[in-house]
Amino acid sequence: MNHWLMKSEPDTFGIDHLAKKPKQTAGWDGVRNFQARNFLREMRVGDLAFFYHSSCDVVGIAGIVKVVREAYPDRTAFDPKDDHYDADSKPDQPRWYMVDVQLVRKFDHVIALDELRKHASGKLKDMVVLKRGNRLSITPVTKSEWQFIESLAGK
DNA sequence: GCCAACGTTGGC
DNA sequence: GCCAACGTTGGC
């Protein structure tokens with residue numbers, strides 16, 4: 001099983017939106033970056049991911065989700081009216097993919113980016129999301145990073 | 001294949 | 001709103 005970190009802007013879609021969905025499950029669509037897409041396609045049912053809030057008051061990890069459906073074509077790319085429309089993605093040859101995720105747990109407090117950075121030269125020294133200039137919306141997380149961050153969240 | 005221009009991301 | 005960093009595009 002692999003671990004991931006998935007970014008979203010909570011003003012658009014945050015962990016509380018996911019919590020209110022039927023079965024607390026939603027499609028993670030709108031990824032329009034090739035590297036992030038490739039990671040999406042590596043995800044397997046049962047993989048766990050941190051739900052990261054970006055571009056907001058409290059930037060950081062808000063909770064945990066799990067993959068419940070593996071990559072399938074992102075329909076929003078086919079819809080000219082959608083913000084994420086991409087004329088180069090055709091239904092018979094889709095360029096973009098999405099997965100479905102289900103809420104596992106919302107942390108009682110967001111683990112702030114500041115807090116994560118405190119460990120940027122220690123336990124989290126290789127964490128992708130802490131690297132300078134990182135903009136990837138989907139990044140892999142190692143097992144040790146995962147366990148350490150979970151311990152920061154408390155049980 | 002290079003690289004400048006451009007658009008986007010995302011922390012602050 | 002600013003701006004650094006980055007990915008993508010397109011002319012050559």
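Numbers restart at 1 for each chain; the letters A, B, ... are given by sequence-line order, proteins then strands.
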Nearest-neighbour nucleotide for the A:Ser55 side chain, B:dG11, C:dT8, C:dT9 considered: B:dG11
A:Phe34 CZ - B:dG7 P separation (whole Å): 18 Å
Any A:Tyr52 side-chain N or O less than 4.0 Å from OP1/OP2 of B:dG11: yes
A:Gln102 side chain to A:Gln24 backbone, donor-acceptor under 3.5 Å: no
Which nucleotide in C:dG7, B:dC12, C:dT8 has an atom nearest any side-chain atom of A:Leu113: B:dC12
Length of the line joining A:Arg32:CZ and B:dG7:P, which is rounded to integer Å: 19 Å
Over-ring placement of A:Arg41 relative to A:Phe39, 6.0 Å and 45° cut-offs: no
Contact under 4.0 Å: A:Lys7 side-chain N or O vs B:dT9 OP1/OP2: no
C:dG7 OP1/OP2 closer than 4.0 Å to side-chain N/O of A:Arg135: no
Nearest-Å distance for atom pair CG/C1', residues A:Leu136 and B:dG10: 13 Å
Closest to side chain of A:Arg95, choosing from C:dT9, B:dG10, B:dC12: C:dT9
A:Tyr97 six-ring face occupied by A:Arg37 cation (under 6.0 Å, within 45°): no
Touch class at under 4.0 angstrom, heavy-atom based, for A:Arg132 against every strand present: sugar-phosphate
Euclidean distance, atom CG of residue A:Asn134 to atom P of B:dT8 [Å, nearest integer]: 19 Å
Interatomic distance, A:Lys131 NZ vs C:dG7 P [rounded to whole Å]: 13 Å
Nucleotide C:dT8, atom P - distance to CG of A:Asp86 in whole Å: 12 Å
Distance, rounded to the nearest Å, where A:Arg117 contributes CZ and B:dG10 contributes P: 13 Å
Salt-bridge criterion met for A:Asp86 and A:Arg95 (N-O under 4.0 Å): yes
Atom pair CG (A:Asp79) and OH (A:Tyr85), whose distance is rounded to the nearest 0.5 Å: 8.5 Å
Nucleotide B:dT9, atom C1' - distance to NE2 of A:His53 in whole Å: 17 Å
